[in-house]
Amino acid sequence: MLRFFFVLLAISMVFAGVPTNEETKRLMDHLSDAEHYRNEHHNKQFDHDAFLGEDQAKTFDQLSPEESKRRLGEIADKIDSDQDGFITLVELKDWIRYTQKRYIDEDVERHWRQQNPNNEEFVTWEAYRKNVYGFMDDMDEKELKAPNSEGFTYSNLQKRDRRRWTYADADQNDALNRTEFAAFLHPEDHSSMRDVVVLETLEDIDKDQDGKVSLDEYIGDMYNAGDGEDEEEPDWVKQEREQFTGYRDTNKDGFMDEHEVKDWIAPPEFDHAEAEARHLVFEADADADEKLTKAEIIDKYDLFVGSQATDFGGALARHDEF
Ligand SMILES: *[C@@H]1O[C@H](CO)[C@@H](O)[C@H](O)[C@H]1NC(C)=O
C-alpha cells in the first residue's frame, strides 16, 4: 500500500495584509511511504486535493452529498477519455496531472497579478518584501520574535522566503520574472528547487535545530502521542520507527542528515500522479478488474471528493460548473 507524505510549509504570506494568501503550501511532489493514514482528515484531504486540485476540493467540501455525487459523475465521464465506460489507471493518472497543473497555473497567475499589479517583467525582492512583510517595519523586537502556532517567527518566515527567492532567481538579478516566481511559489513543482525544499523540510522537522533529524523528531512530525501516556502506539508508528532505523538513516548514525532527507522526500523518478492514481484505483475497485466504472467511483465518492456531512450546505452551495 502506498502511503503519502506531505509537508506543510509555513508560508510566507500568511501574515500579510494581502488577501487570499492564507493557504498553506503542500508539497504534493514529496511522497513516500510515510503518511496517508496518520490522520483521517488529512488523508482524505490529500486525496481530494490530488483528484480535484486544491481550489475545487474546497468547493466540493461545501456541497451536499447528492450534489457532490452528481458532479463527481460528470467528472468521471470526463476522465474516461475514450468513452468506453471504464476509467483506467492511465486515464486517472492523466486527470490527476491535469488538475494539479491547472491548480498550480491558476495559483501562480493569481499571486503574480497580486504582486505585480502593473504587469511589469520583474518583481524585485524589495517590492515583494514590502508587500508581504512590510508590516514588520512597525513591529518591536518582542513582536518580531513571537512564534506563531507553527513555531515560526515573522523574522524566520522572511528569512526563509529570502533564501527561497535566491534559489528561484535563476539569473541572479534579485528580481523574479513570472517563470522564476512560479518556482518560488511552487518549489515542489520545479526540480531546480529541490535543494531548498529539502532544507525547508529538514528545518520544519528539526525542532532542536541541530541540523539533522532524530528518530524522535521524525516520529514527532507525524504522530502526536497526546496525553494518554499508557496508550499504545499504533502499528503504523512502530513501522515508521523501523523505517527510520532500517532505511531512512542510511549511514546508521541515528539521524537523518540533508542527504538522507533528500532521498526520503525526493526519491528520483517517483511519479506522484501515478502513485495517487494507483491508490485510488486500489481503494475503489470493487470488482478488482483494475479499472473503475462510474458506479464504482460514485460508490466511494468520499474517497474522491468531499461534501458536507449533512444536506445543510446544499442550499448554500454555489452552482458553478466544471
Ligand atoms: C525568466 O528568466 C529566465 C532566466 O532566469 C528565463 O529562462 C525565462 O524564460 C524567463 N521567463 C520569462 C517569462 O521571461
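First listed ligand is number 1; within each ligand, the first listed atom is number 1. No experiment lies behind these values; they were computed from the predicted model shown.
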Run the salt bridge (charged side-chain N to carboxylate O under 4.0 Å, His left out) test on Asp55 and Arg110 for me, step by step, so that the C-alpha distance in whole Å, both residues' side-chain angles and the decisive distance to 0.1 Å come before the verdict.
CA-CA 12 Å; Asp55 287 348; Arg110 188 167 62 234; 3.6 Å; yes

What I want to find out is whether Glu74 reaches Lys78 closely enough, with some N-O distance under 4.0 Å, to be called a salt bridge.
no

At under 4.0 Å between heavy atoms, what of Asn177 touches ligand 1? The answer is side chain

Atom 11 (N) of ligand 1 - nearest protein heavy atom and its distance
Thr179 OG1, 2.7 Å

If every non-hydrogen atom of Phe255 is compared with every non-hydrogen atom of Asp249, which pair is closest and at what distance?
O-OD1, 2.9 Å

Verdict with reasoning, Glu276 to Lys93, per salt bridge (charged side-chain N to carboxylate O under 4.0 Å, His left out):
CA-CA 8 Å; Glu276 179 63 14; Lys93 180 184 73 183; over 6 Å; no

Is atom 7 (O) of ligand 1 less than 4.0 angstrom from some protein heavy atom?
no

Is there any N or O on Arg178 that sits under 3.5 Å from an N or O of ligand 1?
no

List ligand 1 atoms under 4.0 Å from Ala170, heavy atoms only on the residue side.
5 (O)

Give the numbers and elements of all ligand 1 atoms closer than 4.0 Å to a heavy atom of Asp171.
5 (O)

Considering non-hydrogen atoms of the protein only, which is the closest contact for atom 4 (C) of ligand 1, and what is the distance?
Glu180 OE2, 3.9 Å

Parallel under 30°, tilted from 30 to 60°, perpendicular over 60°: which one fits the rings of Phe181 and Trp165?
perpendicular

Which of Ile79, Ile75, Ile87, Asp77 passes side chain to side chain contact (heavy atoms under 4.5 Å, CB included) with Lys294? It is Asp77

